[in-house]
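Taking it in order: structure first as structure tokens, then the write-up.
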Amino acid sequence: MKKIFFAIAIGSISFIACNSQTGDKSSADNSATATPPGSAISTQNNQSATPISAIVNDYLELKNALANDNGKNAADAGKALADAFKNFDQEALSADKKKTFQDIQDDAHEHAEHISMNGDNIAHQREHFEMLSKDVNDLVKTFGAGQTLYKEFCPMYNNNKGAYWLSETKEIKNPYYGKDMATCGEVQETLQ
């Protein structure tokens, strides 16, 4: 009985935390401005370029478009990301990094393509973004991002199974729920 009570209590706390937003809706809308696809994400914490910098930048464009509920911009960013995976030059990579990239490339490319072809179905884009985020996280762990990134987690997405994404800022801008629950989530890890 204690386990059931504990599970209900944790679920309730998660639900309340993710539904409590500070400020009014208009200020949340204004804080999540879109960055046009193809433009570089500029952050104050830029360090140095890595072999996957273009992939990371396109991924962040996609994340920001989804956080802004903009399926068309997400589709454009998905196309740019699919192209970045397809055209990635693997020649200068060590054998182990090349293998890691190849293990991730096909799957990630496929998810980015699905996102690019579904500009009118943001829910489907978000399903593929969840899987794509796992692939990009694995790449960042292998190659580095060239900038500080934050692994952020929303406990409510996918029927309370939760999902994470990478962000260039600590500020939560949830790509899975967009403006409906813009601040649902927490920073779980800082990646350098």
Side-chain angles (χ1 to χ4, degrees), residues 10-37 41 43 55-82 85 104 107-141 145 148-191:
I10 295 296
S12 297
I13 291 169
S14 294
F15 182 75
I16 291 168
C18 286
N19 280 323
S20 65
Q21 295 184 11
T22 58
D24 64 17
K25 179 105 171 127
S26 64
S27 66
D29 290 348
N30 291 336
S31 69
T33 56
T35 307
I41 297 286
T43 62
I55 289 171
V56 170
N57 284 338
D58 290 336
Y59 169 86
L60 294 172
E61 298 284 347
L62 172 58
K63 183 265 306 175
N64 290 333
L66 293 173
N68 288 312
D69 297 321
N70 192 323
K72 183 195 176 315
N73 282 358
D76 293 344
K79 168 107 176 66
L81 185 55
F85 273 106
I104 294 170
D107 191 45
H109 179 265
E110 181 180 334
H111 294 306
E113 270 191 334
H114 275 277
I115 292 167
S116 74
M117 295 184 299
N118 285 280
D120 59 346
N121 187 350
I122 200 162
H124 188 66
Q125 289 177 318
R126 286 174 169 147
E127 290 170 6
H128 283 279
F129 180 74
E130 177 186 6
M131 295 173 277
L132 179 63
S133 291
K134 292 175 184 175
D135 292 331
V136 173
N137 181 65
D138 290 345
L139 285 177
V140 167
K141 294 255 181 180
T148 301
L149 293 178
Y150 303 93
K151 184 176 178 181
E152 299 175 343
F153 181 76
C154 172
M156 294 183 65
Y157 185 70
N158 194 12
N159 295 318
N160 295 322
K161 292 177 186 168
Y164 65 85
W165 68 94
L166 301 180
S167 179
E168 70 280 13
T169 66
K170 283 185 179 180
E171 180 184 359
I172 301 295
K173 294 181 182 178
N174 190 314
Y176 297 112
Y177 288 113
K179 294 174 185 171
D180 287 340
M181 291 197 304
T183 60
C184 179
E186 64 183 9
V187 174
Q188 287 194 326
E189 185 178 357
T190 300
L191 307 170

Would you indicate whether the side-chain heavy atoms of D76 and K79 approach each other to under 4.5 Å?
no

Would the distance check show the side chain of Q125 and the main-chain N or O of G71 forming a donor-acceptor pair, the cut-off being under 3.5 Å?
yes

Is the closest side-chain heavy-atom distance between E152 and Q188 below 4.5 Å?
no

Please enumerate all residues that pass side chain to side chain donor-acceptor pair (under 3.5 Å) together with K170, with sequence neighbours excluded.
none

State, to 0.1 Å, how close A82 and A112 come at their nearest heavy-atom pair, and which atoms those are.
N-CB, 3.6 Å

Going by heavy atoms in the side chains, are Y150 and L166 under 4.5 Å from each other?
no

Could you state the interatomic distance from CG (L149) to CG (L60), rounded to the nearest 0.5 Å?
6.0 Å

Using a 4.5 Å cut-off on heavy atoms from C-beta on, say whether the side chain of N70 contacts that of N64.
no

Hey, could you give me the CE/NE2 distance between M117 and H128, rounded to the nearest 0.5 Å?
8.0 Å

Can a side-chain donor-acceptor contact be found between H114 and N118 if the only test is distance below 3.5 angstrom?
no

Side chains of V56 and Y59: closer than 4.5 Å at any heavy-atom pair?
no

Can E168 and K63 be said to form a salt bridge (charged side-chain N to carboxylate O under 4.0 Å, His left out), step by step?
CA-CA 10 Å; E168 70 280 13; K63 183 265 306 175; 3.0 Å; yes

Going by heavy atoms in the side chains, are N174 and L66 under 4.5 Å from each other?
no

Pairs satisfying salt bridge (Lys or Arg N to Asp or Glu O under 4.0 Å), at least one member in residues 119-137, at least two apart:
D69-R126

I'd like to check the side chain to side chain donor-acceptor pair (under 3.5 Å) partners of K151; sequence neighbours left out, ordered by chain and number.
none

So do the side chains of Y164 and C154 get within less than 4.5 Å of each other, counting heavy atoms only?
no

Does C184 offer a backbone N or O that forms a donor-acceptor pair with the side chain of Y176 under 3.5 Å?
no

4.5 Å side-chain heavy-atom contact, F153 and W165:
no

Distance, nearest 0.5 Å, that separates CG of L62 from CG of L81
6.5 Å

Straight-line distance of Y177 OH to D180 CG, nearest 0.5 Å
9.5 Å

Can you tell me if N121 uses its side chain to pair, donor with acceptor, with the backbone of H124 under 3.5 Å?
yes

Shortest non-hydrogen contact between A74 and I115, atoms and distance
O-CG2, 3.5 Å

Tightest non-hydrogen contact, residues D58 and A77, listed as O-CB, 4.2 Å

